[in-house]
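One structure is given here, and the rest of the page talks about it.
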2 protein chains.
Amino acid sequence: MSIRKNTQPRIRRTPEESRANILASAERLLTEQGPQTLRLADVAKEAGVANATVLHHFGTIDGVHTALMERMIAELVEKVMAIELTEDTEVSRAQALTTLFEAFEQKQASKLAAWLELTHQAGRLTNVRQVVRDVTRTKFHHQNVPEDVVEDVMLVCITLALGVGLFGQTLSEMLGKPPSRAKEMALSVLMLGLRQLEAERKG
Amino acid sequence: MSIRKNTQPRIRRTPEESRANILASAERLLTEQGPQTLRLADVAKEAGVANATVLHHFGTIDGVHTALMERMIAELVEKVMAIELTEDTEVSRAQALTTLFEAFEQKQASKLAAWLELTHQAGRLTNVRQVVRDVTRTKFHHQNVPEDVVEDVMLVCITLALGVGLFGQTLSEMLGKPPSRAKEMALSVLMLGLRQLEAERKG
DNA sequence: TTTCTTATCGACATTTTTGTCAGTAGCGCT
DNA sequence: AGCGCTACTGACAAAAATGTCGATAAGAAA
């Protein structure tokens with residue numbers, strides 16, 4: 001006489017699918033609830049699996065954290081590298097900047113960056129320099145501007161994009177303005193500032 | 001026959017001193033080790049007191065968090081309000097911006113802000129709007145610029161200051177540049193951009 | 001000195017979170 | 001159908017973190 005536990009039928013995924021499912025849930029938690037909800041039980045529940053299943057695929061909860069960081073970093077890098085800047089007109093530059101801002105906003109890449117910074121894990125971003133170098137060469141090589149000037153400019157753009165991505169919406173709303181106001185203002189100031197910087201270099 | 005435990009002599013502080021000591025330790029932990037080290041045992045150890053002592057003064061570990069947030073917020077507000085901008089020349093404006101950047105950098109105010117944002121506690125910053133209003137009125141009332149334009153400008157400045165404060169150093173170093181490079185570049189671009197914005201408004 | 005208040009502490013209790021393990025069940029293969 | 005592999009699970013164990021409590025001692029006041 002066997003006792004029949006009324007459990008749900010199991011969903012059996014490929015290891016890749018299962019890992020992807022768990023990481024997607026973790027990412028949702030990170031961006032919607034904050035890093036402190038990235039606990040074993042929370043992640044497992046969000047993913048709809050048992051705690052032990054998470055550990056089966058990632059070893060420890062820290063393994064989940066690491067894998068999540070790497071996944072999000074890869075996503076972001078891909079997005080940034082995909083930004084088009086074939087010709088450097090005002091219009092195309094504005095578009096590129098807008099895309100950059102959105103890359104740091106969507107998928108909460110800025111939150112990831114802040115998380116890394118606060119947890120002193122920014123060292124994981126080992127390829128930032130390489131990415132910036134690649135972008136400098138591939139997108140700006142047709143300009144006659146020294147590479148380290150381009151890098152300095154990208155430094156400001158990224159810093160501002162991160163600031164806007166992380167704080168823009170909250171700050172805008174705190175001041176009783178539409179949530180995209182910070183982004184818009186940042187874009188304006190950046191465009192004008194960069195134009196002037198360029199003019200100064202030439203003049 | 002009494003057993004003499006070899007314990008350190010107790011340090012007895014006033015409640016205010018004790019709270020201050022604990023909060024200072026917590027702040028040190030937050031900025032040097034990250035938010036996840038703001039645990040009861042960590043804070044107590046850093047402050048050199050027993051766990052129970054921390055709870056005696058703050059009730060729960062969350063009480064410590066709250067008190068710390070409030071303390072750091074008050075500090076920051078004080079610093080921002082102290083920024084001088086009597087006359088709006090290029091030089092005085094540059095000084096004011098530099099001071100603003102440093103206010104968000106020192107004492108790790110940007111880390112506090114990121115912590116609040118990530119933990120969805122930004123609502124604690126209830127007086128941001130009031131501070132911005134006050135600054136607008138007291139520091140800019142001599143200008144003939146509409147108040148909400150001033151507010152928009154301050155929005156960009158704060159966003160950028162937060163971005164620089166949180167990510168500036170790390171990003172600069174990742175690109176193989178001196179740690180203050182992001183701040184310097186941000187200042188340049190901001191100054192030029194604001195000047196242009198002003199010119200456009202007038203023209 | 002003696003008394004009183006209370007900041008402080010160690011020991012313990014409770015709760016939360018992580019990790020282990022042996023057995024179960026889905027699925028492809030023969 | 002039967003077999004083998006392994007993703008999956010619940011139950012349990014271990015560790016970590018928070019919080020409670022009675023006793024102690026530092027300092028002020030009588």
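Computed from a prediction, not measured in an experiment: that's the story for all the values here.
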Do the side chain of B:T37 and the main chain of B:G34 share a donor and acceptor less than 3.5 angstrom apart? yes
Judged by each residue's nearest nucleotide on DNA chain D, which is more toward the 5′ side, B:D62 or A:V49? A:V49
Determine whether a donor-acceptor pair (N or O, by modelled atom type, separation under 3.5 Å) exists between the side chain of A:K79 and the backbone of A:A103. no
Counting side-chain heavy atoms from CB outward, which of D:dG19, C:dT18, C:dG10 is closest to B:A50? C:dG10
Quick check against the 3.5 Å criterion: does A:S172 have a side-chain atom that pairs as donor or acceptor with the backbone of A:A182? yes
Interatomic distance, B:N51 CG vs C:dT14 P [rounded to whole Å]: 18 Å
Rounded to the Å, how far apart are A:L40 CG and D:dA15 C1'? 13 Å
Calculate the interatomic distance between B:F58 atom CZ and C:dA7 atom C1'; express it in whole Å. 13 Å
The side chain of A:L55 lies closest to which of these nucleotides: C:dG19, C:dG26, C:dT18? C:dG19
Report yes if some heavy atom in the side chain of B:D62 is under 4.5 Å from a heavy atom in the side chain of B:H65; otherwise report no. yes
How many angstroms lie between CD1 in B:I158 and CZ in B:F104, if you round to the nearest 0.5 Å? 5.5 Å
A:A52 vs A:A41, nearer the 5' end of DNA chain C by closest nucleotide: A:A41
Using whole Å, what does the distance between atom P of nucleotide D:dA28 and atom CD of B:E17 come to? 11 Å
What's the CG-C1' distance between A:D42 and C:dT16, to the nearest Å? 11 Å
Measure CZ/B:R39 against P/C:dT17 and give the value in whole Å, please. 13 Å
Within the side chain of A:E70, is there an N or O that forms a donor-acceptor pair under 3.5 Å with the backbone of A:A67? no
Figure out the CZ/C1' separation between B:R19 and C:dT6, and round it to whole Å. 16 Å
Would you list the protein and nucleotides 5-7 of chain D atom pairs, both N or O, that sit under 3.5 Å from each other?
{"unit_1": "D:dT6", "atom_1": "O2", "unit_2": "A:R12", "atom_2": "NH1", "d": "3.0"}
{"unit_1": "D:dT6", "atom_1": "O2", "unit_2": "A:R12", "atom_2": "NH2", "d": "3.2"}
{"unit_1": "D:dA7", "atom_1": "OP2", "unit_2": "A:H56", "atom_2": "NE2", "d": "2.9"}
{"unit_1": "D:dA7", "atom_1": "O3'", "unit_2": "A:R13", "atom_2": "O", "d": "3.3"}

Between C:dT8 atom P and B:N21 atom CG, what is the distance in whole Å? 9 Å
Given the rule in the side chain to side chain contact (heavy atoms under 4.5 Å, CB included) test, do A:E102 and A:K183 qualify, once you have shown the distances and angles that lead to the verdict? CA-CA 9 Å; A:E102 276 162 7; A:K183 184 169 54 177; 4.2 Å; yes
Where the side chain of A:I61 is concerned, which of C:dC21, D:dT20, C:dT18 is the nearest nucleotide? C:dT18
